[in-house]
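Working notes, beginning with the structure itself.
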4 protein chains.
Amino acid sequence: MGLKERREREKEARKKQILDAARKLLFKKGLQATSINQIARTAELGIGTIYFYYQSKEDIFASLQEEGLEILFRNIEALTKTELYPEDQLRQTAAAYLTFSIEQKDYFDIINYFLSSPQVMFEPDLKSQVDLKGGRIVSLIIGFIESGMAMGRFTAVDARKFALAFWGALYGLIQFRKLEKTVLDGEDHKAVFDYAVEQFIARLMADK
Amino acid sequence: MGLKERREREKEARKKQILDAARKLLFKKGLQATSINQIARTAELGIGTIYFYYQSKEDIFASLQEEGLEILFRNIEALTKTELYPEDQLRQTAAAYLTFSIEQKDYFDIINYFLSSPQVMFEPDLKSQVDLKGGRIVSLIIGFIESGMAMGRFTAVDARKFALAFWGALYGLIQFRKLEKTVLDGEDHKAVFDYAVEQFIARLMADK
Amino acid sequence: MGLKERREREKEARKKQILDAARKLLFKKGLQATSINQIARTAELGIGTIYFYYQSKEDIFASLQEEGLEILFRNIEALTKTELYPEDQLRQTAAAYLTFSIEQKDYFDIINYFLSSPQVMFEPDLKSQVDLKGGRIVSLIIGFIESGMAMGRFTAVDARKFALAFWGALYGLIQFRKLEKTVLDGEDHKAVFDYAVEQFIARLMADK
Amino acid sequence: MGLKERREREKEARKKQILDAARKLLFKKGLQATSINQIARTAELGIGTIYFYYQSKEDIFASLQEEGLEILFRNIEALTKTELYPEDQLRQTAAAYLTFSIEQKDYFDIINYFLSSPQVMFEPDLKSQVDLKGGRIVSLIIGFIESGMAMGRFTAVDARKFALAFWGALYGLIQFRKLEKTVLDGEDHKAVFDYAVEQFIARLMADK
DNA sequence: GATGAATGAGCCTTCATTCAT
DNA sequence: GATGAATGAAGGCTCATTCAT
């Protein structure tokens, strides 16, 4: 069984090796310009080897997307350990998301790629992964809202629905950064973004 | 003099012919699968002819995006002529957007394509087009909000910021439809979407 | 006949207009990147009009080549009016050629294009033009050599053959400038060029 | 171990196969008309396969150019093993070059292509190849001159400079063959070429 | 004389994927 | 397990030239 374990460990190591190469290229060249051939060359592995560990190019990027979501998750999770008021935890959540979209642009792009891609990809296996990762972030937000309600700082709301609405709204507003020079015109993107966040928080804190 | 005019008209007809072919393919095969070669074949024109009328593939898609935005704009504009309360105009606006994203899925995809594409495309000329079209929709929303304030139904808000926040939130929430089976899990997408809309409207109608 | 003359003059003006555009583009974009379409646009004429005045793209460039040769010719012709010794006239001729290849690089490239092009182009009409222009430069060199012989400064040589040998050698040596970093390695191109010139002159002045 | 070697050998064979096809087309259709597609078709290989072995079209032509220079080199190298006087070795060198330009016209054209192309191509790797091949020919000429000086048949000269001057002059004079019907007019090209060669040799043998 | 829309063969290149070894 | 040579459809795009008006 030691053999089996070693096999397993080596297999993981190879997958990591491939992912490292893919990530490196993604960050250097962007999503479009990263090809399997390049990943193989960078990973110092044969092309066939890549295909042994990952079913397709999309599969690799899905893993990278997971990584990105994990980073974002941890950033927000850190807020649960703070002494901040729930409303501030939500503010920080929004800020963390926006920051992530700027500073971890490549990860954000890849998440975007999967989300806004017209085709319905997400094969069953990938689906549950996204569920796990993405859903956990929503769970954190639900937690903030529930703690706010428990503390009596927030009005009673459907925490799950509210969290999804909040999270979805943030996503859309982040995209608008690309329109800063056009649709937003004079308006500062950050200001609009924060303004939207405040609307949600004001709703939570209504009548208090 | 009739000559020049006819030339002009024929030129417009040709552009329309190309756009028709591009739209047809886009709707049948999706964005990725639509190539210039196919457009030319479908339009029964030479490839070079396509390039005579449009500078690039992107240029054609930009025109199609404009078309989509125009449709969406008209749908929302129609609401300005109704006797609905402003809050209902906003509800209908949201509904119109969601409906558009479903029923005119291909137009929505192409708008998405330009919005979520990582590269900064949009050369100056295209920029102003988007500004014009996309911005006009935001203007309609601003109008609803302002009329609501004027009627005393709405709290005083920064109408422009609010409209942008509203519009951006809707955009993000529409995207979440793809996650209905995963992140949303049991939750009905439409319900979440409507819930989010109600949050914004509740904000506007607070203290009234 | 005044009509005929005006026609003629206008025709010349149009040709000049086209040539101006072609030259401008040639100098800005280089030989390869200059297309008929661009020439037409730059000249503010229809594409068809270009073809009315010139049979082909090659035809335009041939005219430009002529221009270049004319400039080079005048530069060398100027030396005939100097009081320089014939050997110095030859030195200056070589220097003028080298300078021309550097400072009027685009003209030199186009001359090169026609000379080193594998296909035998040069239709009868173009042939005589080149003959006229290129040949006249050789004639100038013959003149220098003959005057040198007449003055008793030069050994008796076959002036025509010598001039052609001299001129051809210069042409080849100028090309070597591109090899400065490779074949020439440490060697300074100008030094090699001058060295070659001196060999020819030393031959002329042998036993004197 | 035999496996690896065979792989290597097969790889070489494939490269040769591609080069054979490219050469065949080059010789049949000329430089301009030879495209990657045709090379692939002629070689009975996929287009992608060509690109697997060569980075670009230019890369293939560079290899062909190398071949040409190699042939020329060997022709001249053969002269080093003769008992000819150095001056005759130089005469034969010139003759070999001229013959090569006629009989191996396509190879000469391709060398020309790289030499007279306005763009500065030759990436570092290609540069050193040309250096190696082209430079070796110059080295042979230097050898002839030095042996002539050693034998006391030649005047003392800067052998390297003289060799470069000689070689460059030959190159230019060979080009003039295209002008036989125009600039050279009545003059026989071969006669002019030989005349030029004799000038150089006379220089070397001056005062002897 | 002048126009300019239309052509379409052909260009070079990319790349995810397969499969025999 | 690992390899990497081979594929070939498809991509976007250029451009000299023609010809009906």
Side-chain angles (χ1 to χ4, degrees), chain A residues 7 10-11 14 32-41 43-60, chain B residues 3-4 6-7 10-11 13-15 18 32-41 43-60, chain C residues 7 10-11 14 32-41 43-60, chain D residues 3-4 6-7 10-11 13-15 18 32-41 43-60:
Chain A
R7 281 263 170 84
E10 279 176 354
K11 213 165 167 175
R14 275 271 187 284
Q32 283 264 17
T34 299
S35 71
I36 287 278
N37 281 287
Q38 286 174 316
I39 292 172
R41 213 176 306 132
E44 294 181 320
L45 289 170
I47 297 171
T49 311
I50 308 290
Y51 276 92
F52 183 79
Y53 290 100
Y54 289 93
Q55 285 199 354
S56 70
K57 190 192 177 185
E58 220 92 76
D59 203 15
I60 297 174
Chain B
L3 186 88
K4 213 173 190 175
R6 208 189 51 184
R7 276 269 169 88
E10 279 176 355
K11 219 169 159 174
R14 202 56 96 224
K15 287 196 94 166
I18 292 167
Q32 284 264 14
T34 301
S35 72
I36 289 279
N37 279 287
Q38 285 173 314
I39 292 172
R41 219 173 301 134
E44 294 181 318
L45 290 170
I47 297 170
T49 310
I50 309 292
Y51 279 93
F52 185 79
Y53 288 97
Y54 291 92
Q55 284 201 350
S56 68
K57 190 190 174 185
E58 219 91 79
D59 202 16
I60 296 176
Chain C
R7 280 264 171 85
E10 280 176 355
K11 212 166 168 174
R14 274 276 184 281
Q32 283 263 16
T34 300
S35 71
I36 287 278
N37 281 287
Q38 286 173 316
I39 293 172
R41 213 176 307 134
E44 294 181 321
L45 289 171
I47 297 173
T49 312
I50 308 290
Y51 277 91
F52 183 79
Y53 289 99
Y54 290 92
Q55 285 199 354
S56 70
K57 191 192 175 184
E58 219 92 76
D59 203 15
I60 296 174
Chain D
L3 187 92
K4 214 173 190 177
R6 209 190 52 187
R7 276 268 169 85
E10 278 175 356
K11 219 168 158 175
R14 201 59 92 225
K15 287 196 93 165
I18 293 167
Q32 284 263 16
T34 300
S35 74
I36 289 279
N37 279 288
Q38 285 172 313
I39 292 172
R41 219 174 302 133
E44 294 182 316
L45 290 170
I47 298 169
T49 309
I50 308 293
Y51 278 93
F52 184 80
Y53 288 98
Y54 291 92
Q55 285 200 350
S56 68
K57 191 189 173 185
E58 218 92 79
D59 202 16
I60 296 176

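Residue numbers start from 1 in every chain, and the chains themselves are labelled A, B, ... in the order their sequence lines are given, proteins ahead of strands.
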Query raised in the report: Which value, in whole Å, describes the distance between the P atoms of nucleotides E:dG1 and F:dT21?
Result: 22 Å
Report summary line: From the candidates E:dT3, E:dC15, F:dG11, the one with an atom nearest any side-chain atom of B:S35 is F:dG11
Report task. Select one nucleotide: of E:dT17, E:dA9, E:dT13, the one nearest the side-chain heavy atoms of B:I47. Result -> E:dA9
Query raised in the report: For the pair made of OH in D:Y54 and P in F:dA5, what is the distance, rounded to whole Å?
Result: 14 Å
Query raised in the report: How long is the span from the CD atom in A:Q38 to the CD1 atom in A:I47, to the nearest 0.5 Å?
Result: 11.0 Å
Report task. Could you tell me which residues satisfy salt bridge (charged side-chain N to carboxylate O under 4.0 Å, His left out) with A:E10, sequence neighbours excluded, listed by chain and number? Result -> A:R6
Query raised in the report: Between F:dA5 atom P and D:K11 atom NZ, what is the distance in whole Å?
Result: 4 Å
Report summary line: Per nearest nucleotide of DNA chain E, the residue lying toward the 5' end, A:Y51 or B:F52, is B:F52
Report summary line: Heavy atoms of B:T49 and B:I18 approach each other most closely as O-CD1, 4.3 Å
Query raised in the report: In dot-bracket form, how is DNA chain F paired, counting a Watson-Crick or G-U wobble pair only if both its distances are under 3.5 Å and using | for bases paired to another strand?
Result: .||||||||||||||||||||
Report summary line: Between CD1 of C:I36 and P of F:dT14 the distance, given in whole Å, is 17 Å
**Report entry** Any D:I36 side-chain heavy atom under 4.5 Å of D:Y54 side chain
**Finding:** no
Query raised in the report: Toward the 5' end of DNA chain E, which comes first, A:Q38 or D:R41, by nearest nucleotide?
Result: D:R41
Query raised in the report: Is there a donor-acceptor pair closer than 3.5 Å between any side-chain N or O of D:K57 and the backbone N or O of D:T34?
Result: yes
Report task. Starting from C1' on F:dG4, measure out to CD1 on A:I39 and report it in whole angstrom. Result -> 16 Å
Report task. For C:T34 and for A:G48, find the nucleotide of DNA chain F with the closest heavy atom, then tell me which residue's nucleotide is more 5'. Result -> A:G48
Query - Interatomic distance, B:I50 atom CD1 to B:I39 atom CD1 [nearest 0.5 angstrom] - result: 6.5 Å
Query raised in the report: When we call it a touch if two heavy atoms are under 4.0 Å apart, what does D:T49 touch: a base, just sugar-phosphate, or nothing?
Result: base
Query raised in the report: Please give, in whole Å, the distance from F:dT3 P to A:E44 CD?
Result: 11 Å
**Report entry** Proximity to the side chain of B:N37 - top-ranked nucleotide from E:dT17, F:dT3, F:dG12
**Finding:** F:dG12
Query raised in the report: Choosing from F:dG1, E:dA5, E:dT13, which nucleotide comes nearest the side chain of A:Y53?
Result: F:dG1
Query raised in the report: Rounded to whole angstroms, how far apart are CG on C:D59 and P on F:dA16?
Result: 14 Å
Requested in this report: Can you tell me the distance, in whole Å, between the CZ atom of B:R14 and the C1' atom of E:dT7?
Outcome: 12 Å
Query raised in the report: How long is the line joining NZ of B:K15 and P of E:dA5, in whole Å?
Result: 11 Å
